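Given the structure is predicted, the values throughout are model-derived calculations rather than measurements. All residue numbers refer to positions in the sequence shown, counting from 1.
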Amino acid sequence: MTRLVVDAMNVIGARPSGWWRDRPAAARSLIERLQHLAAETGESVSVVLEGRPLPGFPEGKYEGVQLLYARRRGRDAADDRIVEIVADDSMPESLTVVTSDRTLRQRVQELGAGVSGVSALLHRLDELRD
C-alpha cells in the first residue's frame with residue numbers, strides 16, 4: 001500500500017486562498033482534509049509542517065494522519081525532515097512524497113520514494129469534498 005508524505009506548505013501555498021493571513025488555520029484545514037482522505041481510502045498519511053508547532057497539536061497521530069514538524073527553522077527545513085523520513089524508512093519504495101519542489105523531488109527519488117504533484121493531491125481532496 002502507498003504511504004503518503006505531504007509537504008504541507010507546498011500544498012497550502014499552491015492556491016491563493018488567503019492562507020498567508022492565518023497559517024495555523026490553513027495547516028489545520030489541510031490536516032482535516034487529509035484525515036478525511038485517510039478515513040475514506042485507508043491510506044497512511046504523514047504531513048510535515050514547518051515553523052512553530054500548532055497550539056494543541058504536538059507531533060503525533062491525529063485521526064489517521066501522522067503530524068510531524070521540521071526539526072529546525074529556515075530554508076528547506078521541512079524538506080530536510082521529509083528526506084530524513086524517507087531515508088530512515090525500511091521500505092522507501094512504498095512512500096509517495098507529495099510536493100512540487102523539484103529539489104525535494106530529486107532528493108527523495110534518489111532514496112527510492114515515489115513523488116506525486118501537489119495538484120494531484122488537491123484534486124483528490126476536492127473530489128472527496130464534493
Should L121 and L37 be marked as a side chain to side chain contact (heavy atoms under 4.5 Å, CB included) after you check the CA-CA gap, both sets of side-chain angles, and the distance that decides it?
-> CA-CA 10 Å; L121 175 63; L37 175 71; 4.0 Å; yes
State plainly whether one hydrophobic cluster holds both [X] and [Y], where clusters connect Ile, Leu, Val, Met, Phe, Trp and Tyr through side-chain heavy atoms under 4.5 angstrom apart.
| X | Y | result |
| --- | --- | --- |
| V118 | V86 | no |
| L54 | I82 | no |
| V65 | L4 | yes |
| L68 | V108 | yes |
| V97 | L125 | no |

Tell me, please, which residues at least two apart from D88 pass salt bridge (charged side-chain N to carboxylate O under 4.0 Å, His left out).
-> none
Passes side chain to side chain contact (heavy atoms under 4.5 Å, CB included), D101 versus D79? Steps please.
-> CA-CA 9 Å; D101 181 303; D79 295 359; 3.3 Å; yes
Taking the side chain as every heavy atom from C-beta outward, state whether [X] and [Y] have any pair of such atoms under 4.5 Å apart.
| X | Y | answer |
| --- | --- | --- |
| L30 | V11 | yes |
| L49 | I31 | yes |
| D126 | R33 | yes |
| M91 | R3 | yes |
| Y69 | V48 | no |
| R105 | V115 | yes |
| K61 | S46 | no |
| M9 | I12 | yes |

Atom pair CG (L111) and CD (E84), whose distance is rounded to the nearest 0.5 Å | 11.5 Å
Do S29 side-chain atoms and A25 backbone N/O form a donor-acceptor pair below 3.5 Å?
-> no
Run the side chain to side chain contact (heavy atoms under 4.5 Å, CB included) check on E59 and Q66 step by step: do they pass?
-> CA-CA 8 Å; E59 284 197 347; Q66 181 72 32; 5.5 Å; no
Above 12 or not: heavy atoms from other molecules or residues under 6.0 Å from CD of E93?
-> yes
Atom CZ of R23: over 12 foreign heavy atoms under 6.0 Å | no
Please walk me through it: do L104 and V83 pass side chain to side chain contact (heavy atoms under 4.5 Å, CB included)?
-> CA-CA 8 Å; L104 178 57; V83 169; 3.7 Å; yes
Which heavy atom of [X] sits nearest a heavy atom of [Y], and at what distance?
| X | Y | answer |
| --- | --- | --- |
| V45 | A38 | CG2-CB, 4.2 Å |
| A70 | R81 | CA-CB, 4.1 Å |
| Y62 | G56 | OH-O, 4.3 Å |
| L122 | A14 | CD1-CB, 3.9 Å |
| G117 | V98 | O-CG1, 4.0 Å |

For residues H36 and E32, is any side-chain donor paired with an opposing acceptor at under 3.5 Å?
-> no
Got a salt bridge between R124 and E127, using NZ or NE/NH1/NH2 to carboxylate O under 4.0 Å?
-> no
From the list R72, R71, R73, salt bridge (Lys or Arg N to Asp or Glu O under 4.0 Å) with D80 holds only for R72
